[in-house]
Peer 1: 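Before I ask anything, here is the structure I am working with.
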Amino acid sequence: MKKICFYSIVILCLIVSFSINVFSQMSSAEERNSDEKENSLVRIFGAGNTESGKITDDVVLIFSEGTVRGEVMRDCVVIFGKVHIKRGTKINGDLVAIFSSIERDRDVTVKGDTINIASYEVSGIPSFIMSVFSSWDILMALILLLFFWRYVKNLTDRFVSNPASSFIAGFLWIIGFLPLIILLAVSIIGILLIPVVPLVYFIGFSFGFAVLGHMIGDKIASITGKECKEPARSVTGLFLILIIFKLIALFPVLGGLTVEVIKMLVRTFGLGLFIMTLWEASGKKSFVSSKK
């Protein structure tokens, strides 16, 4: 595990150093267009809203959530996030959602294309279901617990034995998401791999909630002393997590923020666990092939 964390740090340092060179070359162009970008909404790991009655050039939300009002002159892009498009909003460009959720009110105009990649629209799903499953990765965690609960159990045992390595590896790879995309974009082969990167992150985040659900399910079984077979036990733990999130969110001001912080921590160790498992599996395959 220490070797995996060390190699993760080395690779991400190389990616970041390469990205710094790319960003430095782009800085002059960004300065020339600073006036134009002042009216854009760009958020990474945060939240942001556009003001009603005002014109916004672009909306970009990455690992973030926001509310869009008024008029967007160009595109609205959401990656691993959540956006609420208010009534009467006009988007002159494209609406793009990648592994995200879109809540669209009535009388919303999108002149360009609407592109959904592994995303869903709240307007087409009953509000009761959405009130329970408020995150795409929790939905995926339910699928993982139903069909891959043995693999989730192995990941849970690994996390309990060494949680620090999972957090460190996950944190490093979250930081390296954008630099990794930039690094892949400069080569022909890398461009083909770009769609795989969000998929790996998405599955890793989902495994975090699946592992947490399995842990809570085991704890409930040990406290009550009742036998409950898998995957019912882990699914029960996952639903308990959702109930706890809803109760915490009821607290004013800090309730919603606390829930988002907890979710981000769960996603972090889930991503770390998944990537370390993939790394070790690839290492074992290469070792076996070298012996042959």
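None of the values given here were measured: they were computed from a predicted structure.
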Peer 1: If a pair satisfies salt bridge (Lys or Arg N to Asp or Glu O under 4.0 Å) and one of its residues is in residues 194-216, list it, with sequence neighbours excluded.
Peer 2: none
Peer 1: Are F202 and I174 connected in a single hydrophobic cluster, I mean Ile/Leu/Val/Met/Phe/Trp/Tyr linked by side-chain heavy atoms less than 4.5 Å apart?
Peer 2: yes
Peer 1: Just wondering, are more than 12 heavy atoms of other shown residues or ligands nearer than 6.0 Å to CG in L192?
Peer 2: yes
Peer 1: Among residues at least two apart in sequence or on other chains, which ones pass side-chain hydrogen bond (donor to acceptor under 3.5 Å, both in side chains) with N92?
Peer 2: E71
Peer 1: Which heavy atom in L144 sits nearest to a heavy atom in A210, and how many Å separate them?
Peer 2: CB-CB, 4.4 Å
Peer 1: Mind checking whether F207 and Y151 have parallel, tilted or perpendicular rings, split at 30° and 60°?
Peer 2: perpendicular
Peer 1: Can you spot which of H84, R69, K86 makes a side chain to side chain donor-acceptor pair (under 3.5 Å) with D105?
Peer 2: H84
Peer 1: Check the surroundings of atom CZ in F148: do more than 12 heavy atoms from other residues, nucleotides or ligands lie under 6.0 Å from it?
Peer 2: no
Peer 1: Sequence neighbours left out, what passes salt bridge (charged side-chain N to carboxylate O under 4.0 Å, His left out) with K153? Give chain and number order.
Peer 2: D157
Peer 1: Mind checking side-chain hydrogen bond (donor to acceptor under 3.5 Å, both in side chains) for D107 and listing every partner two or more places apart, or none if nothing turns up?
Peer 2: R87
Peer 1: With sequence neighbours left out, which residue pairs that include part of residues 184-209 fulfil the salt bridge (Lys or Arg N to Asp or Glu O under 4.0 Å) condition?
Peer 2: none
Peer 1: Closest approach of M264 and T268, non-hydrogen atoms and distance?
Peer 2: O-OG1, 2.7 Å
Peer 1: Among residues at least two apart in sequence or on other chains, which ones pass side-chain hydrogen bond (donor to acceptor under 3.5 Å, both in side chains) with T67?
Peer 2: N49
Peer 1: Are the side chain of D94 and the backbone of D113 linked by a donor-acceptor contact shorter than 3.5 Å?
Peer 2: yes
Peer 1: What pairs with R233 under salt bridge (charged side-chain N to carboxylate O under 4.0 Å, His left out), at least two apart in sequence or on another chain?
Peer 2: D218, E230
Peer 1: Taking distance alone, no hydrogens or angles, what donor-acceptor pairs closer than 3.5 Å link side-chain atoms of residues 235-244 to residues at least two apart or in another chain?
Peer 2:
from: T236; atom 1: OG1; to: A232; atom 2: O; distance (Å): 2.7

Peer 1: Taking only residues two or more places apart in sequence, or in another chain, which ones meet V72 in a side chain to side chain contact (heavy atoms under 4.5 Å, CB included)?
Peer 2: V59, V68, I91
Peer 1: Are I191 and V96 connected in the hydrophobic side-chain network, where two residues link if heavy atoms are under 4.5 Å apart?
Peer 2: no
Peer 1: Do you reckon I182 sits in the same ILVMFWY cluster as I189, going by side-chain contacts under 4.5 Å, direct or chained?
Peer 2: no
Peer 1: Over 60° means perpendicular and under 30° means parallel, so tell me whether F269 and F159 are parallel, tilted or perpendicular.
Peer 2: parallel
Peer 1: Check side-chain hydrogen bond (donor to acceptor under 3.5 Å, both in side chains) between N154 and all other residues, then give those that pass, not counting sequence neighbours.
Peer 2: none
Peer 1: Starting from I55 and following side-chain heavy-atom contacts under 4.5 Å between hydrophobic residues (I, L, V, M, F, W, Y), which residues can be reached?
Peer 2: M73
Peer 1: Looking at residues at least two apart in the chain, or sitting in another chain, which of them share a side chain to side chain contact (heavy atoms under 4.5 Å, CB included) with V259?
Peer 2: F245, I248, A249, K263
Peer 1: Please say yes or no: joined through hydrophobic side-chain contacts below 4.5 Å, possibly via intermediate residues, are W149 and V160 part of one cluster?
Peer 2: no
